[in-house]
Visitor: 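Take a look at the following structure, please.
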Amino acid sequence: MRITARDLGADRGGERIFSDISFDVDDGGCLLVTGPNGSGKSTLLRAIGGLLPLTEGTIAFEPVSETWPSVPAACHYLGHHNGLKQTLSVEENLHFWRDFSGEPRQSVEEALDNVGLYGLGHLPFAVLSTGQRRRAAIARLLVTWRPIWLLDEPTAGLDARSEKRFAGLMEAHRAQGGIIIAATHWPLGLVDVQDLVMGELNGGVAA
């Protein structure tokens, strides 16, 4: 399994954000995207996930299959927002995503246990603390299977213990053949990663 990007470029408001971005990530791999604010890290992740258009370049995922016919189909996206409804309980949110996304992986109870929220699933999402909300959003990655995790500042709001727990979940995903592409200002506690440093109006090739 591999995701390949060649000569990517994107505009925002008629201005070029980045250009000439290329990388390859194989199964079990991790690409850490770093750079200053405004360099296009979030835009790059959203473009990979099919949420924003690219101005130029190509992204390919192989092997293509009925299950994963395109790059966006193969992706979980965790952005700055957690993607969970305030008025629903944590369990209701996760059951919705598990049914909506298909390809069930872990049970809701198992996923909550793995992020340290066991026994809290009955609570409305709105009453959780900032860190607990982020952990519930991480549980969303666990209840259905997608080979590619697109993570935008995934540890925002997490304490040191939760960061360590999440690092273990990311390494487990890689061990199962998954791919991680993460935009971050901070180390994620992962080993054997590729780095893509983005700068204003500068292209980059992952190293």
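Computed from a prediction, not measured in an experiment: that's the story for all the values here.
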Visitor: Please check if Val127 and Leu117 belong to a single hydrophobic cluster, counting links between Ile, Leu, Val, Met, Phe, Trp and Tyr side chain heavy atoms closer than 4.5 Å.
Guide: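 Result: yes, single cluster for both.
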Visitor: Shortest non-hydrogen contact from Pro147 to Ala74?
Guide: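 Here Pro147 and Ala74 meet closest at CD-O, 3.2 Å.
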Visitor: Walk me through whether Val33 and Thr184 qualify under side-chain contact (heavy atoms from CB on, under 4.5 Å).
Guide: CA-CA 6 Å; Val33 184; Thr184 179; over 6 Å; no
Visitor: Nearest 0.5 Å, please: how far is CG in Leu52 from OG1 in Thr55?
Guide: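 So the OG1 of Thr55 and the CG of Leu52 are separated by 10.0 Å.
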Visitor: For residues Val108 and Leu88: do they belong to one hydrophobic cluster (side chain heavy atoms under 4.5 Å, members Ile, Leu, Val, Met, Phe, Trp, Tyr)?
Guide: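 As far as the 4.5 Å side-chain criterion goes, Leu88 and Val108 are not connected within one cluster.
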Visitor: When you compare the side chain of Met1 with that of Trp68, does any pair of heavy atoms fall below 4.5 Å?
Guide: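 When only atoms from C-beta onward are counted, Met1 and Trp68 do not touch, as no gap falls below 4.5 Å.
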Visitor: Just how far is it from atom NE2 of His185 to atom CD of Glu153, taken to the nearest 0.5 Å?
Guide: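 Result: 4.5 Å between the selected atoms.
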Visitor: Looking at residues at least two apart in the chain, or sitting in another chain, which of them share a ring-ring contact (aromatic ring centres under 6.0 Å, His included) with Phe96?
Guide: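 Residues passing ring-ring contact (aromatic ring centres under 6.0 Å, His included) with Phe96: Phe100.
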Visitor: Think Arg133 forms a cation-pi with Phe125, using NZ or CZ under 6.0 Å from the six-ring centre and within 45 degrees of its axis?
Guide: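 Yes, Arg133 lies over the aromatic ring of Phe125.
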Visitor: Which atom pair, heavy atoms only, marks the closest approach of Leu78 to Pro154?
Guide: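 It is CD2-CB, 4.4 Å.
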Visitor: Applying side-chain contact (heavy atoms from CB on, under 4.5 Å), name anything that partners Glu56, two or more places apart in sequence or on another chain.
Guide: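 Residues passing side-chain contact (heavy atoms from CB on, under 4.5 Å) with Glu56: Arg16, Ser19.
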Visitor: The criterion is salt bridge (charged side-chain N to carboxylate O under 4.0 Å, His left out); which residues satisfy it with Arg174, sequence neighbours excluded?
Guide: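 With neighbours one apart ignored, the set is Glu171.
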Visitor: Measure the acute angle between the ring planes of Trp145 and His173, then classify it against the limits of 30° and 60° as parallel, tilted or perpendicular.
Guide: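 The rings of Trp145 and His173 sit tilted, inter-plane angle from 30° to 60°.
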Visitor: Could you give the distance from OG1 (Thr87) to CG (Asn93), rounded to the nearest 0.5 Å?
Guide: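 The CG atom of Asn93 is 8.0 Å from OG1 of Thr87, to the nearest 0.5 Å.
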Visitor: Treating Glu163 as the side-chain partner and Ala160 as the backbone partner, does any N or O pair qualify as donor plus acceptor under 3.5 Å?
Guide: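 Judged by distance alone, no pair lies under 3.5 Å.
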Visitor: Mark yes or no for whether Arg135, through its side chain, and Ser162, through its backbone, hold a donor-acceptor pair below 3.5 Å.
Guide: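 No; zero donor-acceptor contacts below 3.5 Å.
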Visitor: Please report the shortest heavy-atom distance between Ser107 and Val143, naming the atom on each side.
Guide: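 In this case the closest contact between Ser107 and Val143 is O-CG1, 4.2 Å.
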Visitor: Given 3.5 Å as the limit, does a donor-acceptor pair link the side chain of Thr155 with the main chain of Leu158, or not?
Guide: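 It does not hold such a pair.
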Visitor: Report yes or no: do Met198 and Leu51 belong to one cluster of Ile/Leu/Val/Met/Phe/Trp/Tyr joined by side chain heavy-atom distances under 4.5 Å?
Guide: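 Yes, Met198 and Leu51 fall within the same hydrophobic cluster.
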Visitor: Applying a strict under-4.5 Å side-chain criterion to I, L, V, M, F, W and Y, I'd like to know whether Trp186 and Leu151 cluster together.
Guide: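 In one cluster with Trp186: Leu151, no.
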Visitor: What are the two closest non-hydrogen atoms of Ala183 and Lys41, and how far apart are they?
Guide: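 Between these two residues, the closest heavy atoms are CB-CB, 3.8 Å.
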Visitor: Is the backbone of Glu103 close enough, under 3.5 Å, to the side chain of Thr144 for a donor and an acceptor to pair up by distance?
Guide: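 Not at all, since once roles are kept as given, no pair shorter than 3.5 Å links the two residues.
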Visitor: For Ile148 and Val25, what are the C-alpha separation, side-chain angles and deciding distance, and is it a side-chain contact (heavy atoms from CB on, under 4.5 Å)?
Guide: CA-CA 10 Å; Ile148 303 171; Val25 189; over 6 Å; no
Visitor: List the atom of Leu150, the atom of Ile48, and the distance in Å for their closest heavy-atom pair.
Guide: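 Smallest interatomic distance, heavy atoms only, reads CD2-CG2, 3.8 Å.
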Visitor: Quick one: salt bridge (charged side-chain N to carboxylate O under 4.0 Å, His left out) pairs with a partner in residues 83-101, sequence neighbours left out?
Guide: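 Every candidate salt bridge (charged side-chain N to carboxylate O under 4.0 Å, His left out) pair involving residues 83-101 fails, so no pair, neighbours aside, qualifies.
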Visitor: Taking salt bridge (charged side-chain N to carboxylate O under 4.0 Å, His left out) as the definition, give me every residue that meets it alongside Asp26, ordered by chain and number, with sequence neighbours left out.
Guide: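 Asp26 satisfies salt bridge (charged side-chain N to carboxylate O under 4.0 Å, His left out) with Arg2 once adjacent residues are dropped.
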Visitor: I'd like to know whether Asp152 forms a side-chain contact (heavy atoms from CB on, under 4.5 Å) with Tyr77, so could you lay out the CA-CA distance, the side-chain angles of the two residues, the decisive distance to 0.1 Å, and finally the verdict.
Guide: CA-CA 8 Å; Asp152 197 352; Tyr77 173 73; 4.1 Å; yes
Visitor: Is there side-chain contact between Ile3 and Ile59, with heavy atoms separated by less than 4.5 Å?
Guide: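 Side-chain contact under 4.5 Å: yes.
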Visitor: Just how far is it from atom CG of Leu120 to atom OG of Ser89, taken to the nearest 0.5 Å?
Guide: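 Between atom CG of Leu120 and atom OG of Ser89 there are 11.5 Å.
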Visitor: Between Trp97 and His76, does the ring centroid distance fall short of 6.0 Å?
Guide: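 No: the rings miss the under 6.0 Å criterion.
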Visitor: To the nearest 0.5 Å, what is the distance between CG (Leu8) and CD1 (Ile17)?
Guide: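 Going from CG on Leu8 over to CD1 on Ile17, the span is 12.5 Å.
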Visitor: With distance as the sole test, does Glu109 use its side chain to make a donor-acceptor pair with the main-chain N or O of Tyr118 at under 3.5 Å?
Guide: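 Not confirmed, Glu109 side chain does not pair with Tyr118 backbone.
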Visitor: If you apply the rule side-chain contact (heavy atoms from CB on, under 4.5 Å), what do you find for Leu32 with Cys30, and how did you get there?
Guide: CA-CA 6 Å; Leu32 294 185; Cys30 175; 3.8 Å; yes
Visitor: Is there side-chain contact between Ile138 and Asn114, with at least one heavy-atom pair below 4.5 Å?
Guide: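 Sidechains of Asn114 and Ile138: no contact.
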Visitor: Could you pull out the closest heavy-atom pair between Ala139 and Ala111, with the gap in Å?
Guide: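 Distance-wise, the nearest heavy atoms are O-CB, 3.9 Å.
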Visitor: Can you tell me how far CG of Leu169 sits from CH2 of Trp149, rounded to the nearest 0.5 angstrom?
Guide: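 Taking CH2 in Trp149 and CG in Leu169, the distance rounds to 6.0 Å.
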Visitor: Mind checking salt bridge (charged side-chain N to carboxylate O under 4.0 Å, His left out) for Arg6 and listing every partner two or more places apart, or none if nothing turns up?
Guide: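 With sequence neighbours excluded, Arg6 shows a salt bridge (charged side-chain N to carboxylate O under 4.0 Å, His left out) to Asp24, given in chain and number order.
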Visitor: Heavy-atom count around His81 NE2 within 6.0 Å, excluding the residue itself: above 12?
Guide: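 Atom NE2 in His81 is not packed in, count stays at 12 or less.
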